[in-house]
Structure formats: structure tokens, C-alpha cells
Amino acid sequence: MDKFVIKGGVPLEGEVQLSGAKNASLPIMAASLLTDGKCIIQGVPDVTDVKTMARILEFLGAKISFEKDRVEISPPKRPHFEAPYEFVKKMRASYYVLGPLIAKFKKARVSLPGGCAIGTRPVDLHLKGLQELGCNIDIVHGYIEASCQKLRGKHIYLAGPKGSSVGATINVMSAATLSSDTTVIEGAACEPEVVDCANFLKCMGAKIDDAGSPLIKIKGVKRLKGCSYRIIPDRIEAGTFAFAAAATNGDVKIKGGRVEHLQSVLDKLKEAGVKIKRIPGGIRVSSGRAKTPINISVAPYPGFPTDLQAQAMAMLTKVKGISIVTETIFENRFMQVPELIRLGADISIEGNSAIIKGKKRLEGAPVMASDLRASAALVIAGLIANGETSVSRIYHLDRGYESLEKKLGNLGAKIERVAE
Ligand code: EPZ
């Protein structure tokens, strides 16, 4: 296993180019199963989750070839229908093959994903939506066994107790593209990754209206064709670099960053006293460490993303005053807190809120990554701690960040990857 060794205290300066969005790449790669034609997808990040999705698609019979950030997928004519536990336990997003397999081949056997570090992560809404479309679903020995004659369009309310579901919206939307009649998904997730997947499906010939709104309409078509598509830049990577720049009192141009995908985040950074500027082809985060304590409560898009809650918290550990970060979406997404406390942060947890009392100094120490975004928070904290911080188990980071240490190093950070 590798670890990062970081020497803190260097303001990040310069320019960083974002990679493509992991959370758009995964569903879009899976959706290629819906066509017989070849799909060429560009802007795919070089992260382990994408490689895992490629292995699943190959296991299902697809032919896949990568060339830098470009992947070519020729889907199977007669696929293997099973996404086994050994794949799904590595990456929950394997469930994205469920909707396309059902729609195209009328059957699928996908392992239930189980929980992960941040929560129980149920898939009941995915299954509810597919059943509403006419799919028979049984759970047998930990597997989702799904079959159908023909999917029929339906008006489906898909939000759950925590609001809209990105995964369920995408799975049902993908499946509905090949159903008869029209499907309306009410309570749909509005994330940019949902819109990107809808745009990919439309590029294949699907008829989808109002993706990005809570009411998505899908008019079923007989078949979809192969297409060539470019993934949107990763807004969570953009936010991660924005918080790193603000935390280190730096000046960073985030190339590829789209202001329209980050309004709630940039709004909070401005409230904290950080200077944000739209520049040609990106966003500039500059002029001064965050000065003012803020309160953040995560919410489904366009609210503040849960995937940036930990990174914001890392920045707030050195902002004078009391800040409060509230996690409303996942039940266990404060795994970074005990590790930040090891670096000297003053954080207490009350229910689903973390109360952060800004400190003048953090002291470098060995810390351990636990999940993808908590790990990014530890890296940011290491950049602003005095002395040396080592972040172990960075395989968590490699799942969703492409060459993070290289990108940070190019901005002046003293960070290196070391085999543990
Ligand atoms: C996606 O997960 C992202 N993952 C997550 O990013 C992100 O945190 C999440 O959306 C919320 O934005 C990918 O896109 C691969 P949800 P997803 O369904 O689709 C509950 C990262 O760090 N729920 O929107 O699994 C669920 O428990 C990852 O890149 C149900 O109750 O999230 C949660 O409380 C982490 N039943 C809420 O809905 C369901 O069937 C939102 O989950 C599905 C979800």
C-alpha cells in the first residue's frame, strides 16, 4: 500500500487541469450496454473506479480499449448477465449495469452492493423504479435477480427519505430509454452527472427532456446507436482544489472548472472571505486564506455537495471562530474528524453536525485515510499543518483522484507518494 508524505506550509500557486468526472464516467460507461454500436467516450479519468467498471463490462462480454483519457466500448451481442460480488464489493457503482442489462437483454443478476464506510447505502429506490417499469425483482443469496418481458413507461416518484437519489435516477432513466411509452421520473436528482448521462443517452438517440430538473421525461425508443461523447470536468475535484487553495492562502487557476456546477460551493468560499473569479476556461481561487467562519449544511444538487463536506472542514480547521458542518445525506461521513483531531484540530460532533473551532496551528502527524473524500480532507490538512504529515491507505484516494500528488506538486506542494 502507498502513503503520501506531505510537508505543510506552502501556499498552492499556479494552474491545475481538471480530469473528467468520475461520477459521470461510471454510469456513462455502463450505459454503453444499451446499444449494439461502438461507443467512444473521451475525458475519462485514470482512476481505479473507472478501471473496475471496465473490468465489469469486459466480464459481461464487452470489448474495451483505453488510450489515455479515451475509452472505446463495443458492447456484447449476447452478454454474460451477472455482475458478481467480487466486483460489486469493490465498487458499489457496479449497480449501474442493472438498468441497461434489463432494458437491453431483459435480465440481470447483480450482487447487492452492501454498505460502505460512509453509510448503509441502500438500493431500494433503484429496485422500486425498475419494478415500476415492469421489471420482476427477487433478492436471492445476496443477488438482485431481475427479469422482464418488456419495460413499460410509467410516472414514477423516485425520491427517498433523504431526498433525491443520483444512482436511482440514472439507473431508471437509462432503463426507461428502451421502454415502451413515456416515463416521468418525479423527485429526480438534478446533479450535473445526471445531466451528463442524459446527454450521453441522447447522443445515442434516446429521447429525454428536462434532465437536471426534478421532473425528467423519457420517451422510449426501439434501439440506441453507438456514439462519441466527452465527459464533463469533475466538479468535486474542482471543489477539492478550491478548498486546498483557500486553506493554504494560495492562488490557483482551476482549468475546466465550471462556475455553474459549483455555485453553492463558491458561494460558501466567498462567504468565508476567499476571492473567486471566473477566468477563461475555469475558476481562479485566490487572495487570502479563508478568514470568516461559516456554516455548511449539505443537500442534493444544487445544494452544497456532500462530496465536498470533508474538504471544507479541513479548510475550516484554521479559520478563527466557530464553523458548523452538517451532513444530512449519509449517516457516517465524519470519518475524517478523528484524524483531523490527531493533527490538532478542535472539532466536536453533535448528532449530524461537526462544530469546528478554528486553531492557529495544526501539527503534522501520521493519519489514515478511510474513504475517498475524507482522504482528500486529510491531504488538505497536511498541506496546512506544520511539519510532516503522512496519509496512509491512499488507495482510497486513487479511486477518485487522478495523479493527485502530481497535480498538487505542480502547484508547489511538498508531497510525495511512498510505498508503505
Ligand atoms: C452518488 O452516490 C455518488 N457516487 C456519491 O459520490 C455522492 O455522494 C452521492 O451520489 C450523493 O451526491 C457516484 O456517483 C458513483 P444517492 P449514490 O443515491 O448515487 C439514499 C464519491 O465520493 N438512498 O444520491 O449512491 C442514500 O443512502 C461518492 O464520489 C436510498 O435511501 O447516492 C443517501 O442517503 C460517495 N435508497 C441518499 O439517498 C436508494 O435506493 C443519496 O444517495 C439510493 C439512495
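Position 1 is the first residue of the sequence; numbering continues from there. In each ligand, atom 1 is the first atom listed, and ligand 1 is the first ligand listed.
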Got a salt bridge between [X] and [Y], using NZ or NE/NH1/NH2 to carboxylate O under 4.0 Å?
X      : Y      : result
Arg230 : Asp196 : no
Lys318 : Asp346 : no
Glu420 : Lys3   : no
Asp36  : Lys104 : yes
Glu402 : Lys407 : no
Arg55  : Glu58  : no

- prompt: Going by the order shown, which atoms of ligand 1 are within less than 4.0 Å of some heavy atom of Lys162?
  reply: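 Those qualifying, in numeric order: 34 (O), 37 (C).
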Contacting atoms of ligand 1, where contact means under 4.0 angstrom from a heavy atom of Arg121: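 Within the 4.0 Å cut-off of Arg121, ligand 1 contributes 2 (O), 17 (P), 25 (O).
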For [atom], what's the nearest protein heavy atom and its distance?
atom                    : answer
atom 17 (P) of ligand 1 : Tyr95 OH, 3.7 Å
atom 18 (O) of ligand 1 : Ser165 OG, 2.7 Å
atom 39 (C) of ligand 1 : Pro122 O, 3.1 Å
atom 5 (C) of ligand 1  : Asp307 OD2, 3.8 Å

- prompt: Do the rings of Phe81 and Phe105 sit parallel, tilted or perpendicular, given the 30° and 60° boundaries?
  reply: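 Taking Phe105 first and then Phe81, their aromatic rings stand perpendicular (interplane angle over 60°).
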Geometric N/O contact [X] with ligand 1, under 3.5 angstrom:
X      : value
Leu125 : yes
Lys22  : yes
Ala168 : no
Thr306 : no
Val166 : yes
Ile329 : yes

Tell me whether [X] reaches ligand 1 (any heavy atom closer than 4.0 angstrom to a ligand atom).
X      : result
Glu193 : no
Glu331 : no
Arg333 : yes
Gly160 : no
Tyr401 : no

Under a 4.0 Å heavy-atom limit, does [X] contact ligand 1 with its side chain, its backbone, both, or neither?
X      : result
Phe330 : side chain
Asp124 : both
His126 : both

query: Are the side chain of Ser111 and the backbone of Tyr143 linked by a donor-acceptor contact shorter than 3.5 Å?
result: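 No; judged by distance alone, with no hydrogens or angles, the pair does not exist.
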- request: Walk me through it: do Tyr401 and Asp234 pass the test side-chain hydrogen bond (donor to acceptor under 3.5 Å, both in side chains)?
  value: CA-CA 10 Å; Tyr401 288 97; Asp234 194 317; over 6 Å; no
message: Quick check for you: to the nearest 0.5 Å, what is the distance between His396 atom NE2 and Ser375 atom OG?
response: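 Result: 6.0 Å between the selected atoms.
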field: Geometric cation-pi criterion Lys51 and Phe66, 6.0 Å radius, 45° cone
entry: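 Cation-pi check for Lys51 and Phe66: passes.
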- prompt: Is atom 20 (C) of ligand 1 less than 4.0 angstrom from at least one protein heavy atom?
  reply: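 Looking at atom 20 (C) of ligand 1, one finds that no protein heavy atom lies closer than 4.0 Å.
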field: Heavy-atom side-chain proximity of Glu186 to Ile156 below 4.5 angstrom
entry: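 Heavy-atom side-chain distance check fails, nothing below 4.5 Å.
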